[in-house]
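Any value given below was found using the heavy atoms of this structure, including those in side chains, with hydrogens, waters and symmetry copies removed. Atoms within each ligand, like the ligands themselves, are counted from 1 in listed order.
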Amino acid sequence: MKFINTGILGVGSAIPPKIVTNFDLEKILDTSDEWIRTRTGIHERRIVEDGVCTSDLATQAARAAMQSAGVTAAEIDMIIVATITPDTITPSTACFVQAKLEAINAAAFDISAGCTGFIYALSLGHAYIQSGACKRVLVIGAEVMSRFLDWQDRSTCILFGDGAGAVLLGPVQEPGILGFKLGADGSQANLLIIPGGGTNQPASRSSVENRQHFIKMCGNETFKFAVRIMGEVTQEALDAAGVGKSKLDFLVPHQANLRIIESARKRFELPEDRVVVNIDRYGNMSSASIPVALDEAIKSGRLKRGHLMALVGFGAGLTWGAAVVRY
Ligand code: UT7
């Protein structure tokens, strides 16, 4: 079987206009700007207005990616949305996006892989293009985290924000997506979980009273896992792509904590301007963090066609994944 080369044809993102600063959070929680900045690197995050849901942000990001690639809605074969904050449990958020885009020829489904969702979705989109099954695949990471945050829990709610990013994949002459590594350890599921609302703990009066529909995280253990896995999985993806780490132009990491990003930067001996960081402005947008960072690096002119980058994520599952891509 002859494999087709996959490349990124277009990139886009959508960030809600409303800014919530650490100082705003000081007014409703026992926290401080100083604690949040020094422990996480976050200064502010974006939060959607009432009535805006995940598919709205996803659609806006997708439109921007389609526009940058010069591709119309009718040309899209498949829409994959990575999210842990879907509009509804069923149908998938991707189906709402498909309707809003009027992408009448596209199949649509969601991927749930925590903050690694975008990397998992990218690997799937790649496989559909590589096999010849699809010609135009939209891969979107989109989250409205604010609706699943417990605004009484200072250890989690200060960390996250809302946003969406999208890439449009298609066949190209020179290989764009060069190698992947994905992983999971379901025995650690409880480290980062929304316990209520599924078959294990259906919605009930007590599940609501006990705040089971919000994100719960054991920050410290997740932190240690993240520092270890980010370096390991990036190296494994470089090995899969047959690329030495000295060839890497950019690292586009998941934005969970500036200290985690910094540890990866040092491991790969990259100068600060070769690591894309936006956690200061947006917090952790889960599946959306990586594609938004990618879009901003391209739009600002830092990341150019021909550059070699590693995209790396980790999160609930536990899951992890990295992709080595020539833009
Ligand atoms: O994207 C998915 C993956 N997620 C991650 O990778 C997140 C990884 N974890 C982290 O980034 C860090 O663990 C956190 C930023 C969440 C927490 O930082 P930490 O240095 O691990 O702090 P901690 O949880 O050990 O808490 C230290 C102290 C505690 O007080 P005591 O027990 O030492 O008196 C907390 O109660 O900080 C306290 N604390 C806060 N203080 C002020 C926790 N949250 C806050 C807060 N403001 N918002």
Side-chain angles (χ1 to χ4, degrees), residues 20-45 82-85 111-121 141-146 148-163 165 182-186 188-194 214-234 252-265 276-280 282-293 311-322:
V20 176
T21 66
N22 294 343
F23 296 106
D24 294 327
L25 295 181
E26 280 184 358
K27 293 177 197 145
I28 56 165
L29 291 163
D30 178 16
T31 190
S32 67
D33 170 62
E34 209 258 331
W35 191 95
I36 300 173
R37 261 190 304 103
T38 53
R39 297 286 177 124
T40 71
I42 301 167
H43 295 214
E44 58 189 42
R45 70 286 294 141
T83 188
I84 57 165
T85 55
I111 284 287
S112 171
C115 302
T116 323
F118 181 77
I119 303 291
Y120 270 66
E143 307 284 3
V144 173
M145 301 299 289
S146 56
F148 289 90
L149 294 176
D150 183 345
W151 291 99
Q152 295 176 10
D153 175 8
R154 68 176 184 172
S155 69
T156 53
C157 74
I158 54 115
L159 298 169
F160 296 95
D162 303 338
L182 302 175
D185 177 6
Q188 303 294 318
N190 283 333
L191 289 186
L192 185 37
I193 191 166
I194 300 175
F214 296 125
I215 290 170
K216 320 265 179 210
M217 181 169 76
C218 303
N220 222 278
E221 282 103 294
T222 314
F223 185 95
K224 286 182 219 145
F225 149 76
V227 168
R228 176 178 58 80
I229 207 70
M230 213 164 139
E232 281 178 19
V233 73
T234 304
V252 187
H254 173 50
Q255 312 277 316
N257 189 311
L258 193 57
R259 290 182 286 148
I260 299 172
I261 296 173
E262 209 26 37
S263 73
R265 183 183 76 75
V276 185
V277 173
N278 63 16
I279 187 171
D280 51 331
Y282 305 139
N284 179 346
M285 297 182 290
S286 190
S287 302
S289 278
I290 294 172
V292 170
L311 313 176
V312 56
F314 49 86
L318 296 171
T319 56
W320 55 90

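Against a heavy-atom cut-off of under 4.0 Å, Arg39 is close to the following atoms of ligand 1: 19 (P), 20 (O), 22 (O), 27 (C). With ligand atoms numbered from 1 in the order given, ligand 1 contributes 3 (C), 4 (N), 5 (C), 6 (O) to contacts under 4.0 Å with heavy atoms of Thr222. Counting atoms of ligand 1 from 1 in the listed order, those under 4.0 Å from a heavy atom of Ile260 are 6 (O). Those atoms of ligand 1 that come under 4.0 Å of a heavy atom in Cys115, given as number and element, are 1 (O), 2 (C). Short contacts between ligand 1 and Arg259, defined as distances under 4.0 Å to a heavy atom of the residue, involve ligand atoms 18 (O), 20 (O). The Met217 neighbourhood of ligand 1 comprises atoms 4 (N), 7 (C), with distances under 4.0 Å to a heavy atom of that residue. Near Thr40, meaning under 4.0 Å from any of its heavy atoms, are these atoms of ligand 1: 15 (C). Heavy-atom contacts of Ala256 reach the following atoms of ligand 1: 1 (O), 4 (N), 5 (C), 6 (O) (cutoff under 4.0 Å).
The main-chain N or O of Thr319 is found under 3.5 Å from a side-chain atom of Thr116 such that the two form a donor-acceptor pair.
Residue Met285 holds its CE atom at 13.5 Å from CG of Leu159, rounded to the nearest 0.5 Å. The OG atom of Ser289 lies 7.5 Å from the CD1 atom of Ile279; values are rounded to the nearest 0.5 Å. Interatomic distance, CD1 of Ile290 versus SG of Cys115, reported as 9.0 Å (0.5 Å rounding). Atom OG in Ser286 sits 4.0 Å away from atom CD in Glu143 (nearest 0.5 Å). Taken from CZ in Phe314 to CG in Leu192, the straight-line distance is 10.5 Å, to the nearest 0.5 Å.
There is a protein heavy atom less than 4.0 angstrom from atom 44 (N) of ligand 1. In this structure, atom 29 (C) of ligand 1 is not in close contact with the protein, since no protein heavy atom lies within 4.0 Å of it. The presence of a protein heavy atom under 4.0 Å from atom 33 (O) of ligand 1 is ruled out.
At a threshold of 4.5 Å between non-hydrogen side-chain atoms, the residues Asp185 and Trp320 count as touching. Residues Ile42 and Arg37 are not in side-chain contact: their nearest non-hydrogen atoms beyond the backbone lie 4.5 Å or more apart.
Judged by the shortest distance from any of its heavy atoms, His254 lies inside the 4.0 Å radius around the atoms of ligand 1. Residue-ligand proximity: Ile36 is placed with every non-hydrogen atom at 4.0 Å or more from ligand 1. Distances from ligand 1 to the non-hydrogen atoms of Phe314 include at least one value under 4.0 Å.
Taking distance alone, with nitrogen or oxygen atoms compared against 3.5 Å, Gly219 approaches ligand 1 more closely than that limit. At least one N/O-N/O distance between Thr31 and ligand 1 falls below 3.5 Å. Here's the thing with Asn284: one of its N/O atoms is less than 3.5 angstrom from an N/O atom of ligand 1.
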Extract all donor-acceptor atom pairs below 3.5 Å that involve side chains of residues 214-230 and protein atoms in other chains or at least two apart in sequence.
unit_1, atom_1, unit_2, atom_2, d
Lys216, NZ, Arg211, O, 2.6
Thr222, OG1, Cys218, O, 2.6
Arg228, NH1, Glu232, OE1, 3.4

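For Arg45 and Asn284, the side-chain atoms include no donor-acceptor pair closer than 3.5 Å.
With a 4.0 Å heavy-atom cut-off, ligand 1 is reached by the side chain of Asn257 but not by its N, CA, C or O. Under 4.0 Å from ligand 1, the heavy atoms of Leu192 that appear belong solely to its side chain. Contact annotation for Trp35 and ligand 1: only side-chain heavy atoms (C-beta onward) come within less than 4.0 Å of the ligand.
The side chain to side chain contact (heavy atoms under 4.5 Å, CB included) test with Leu258 is passed by exactly one of Val277, Thr40, Asp280: Val277.
Counting only residues at least two apart or on different chains, the salt bridge (charged side-chain N to carboxylate O under 4.0 Å, His left out) pairs with a member in residues 153-163 are Asp30-Arg154.
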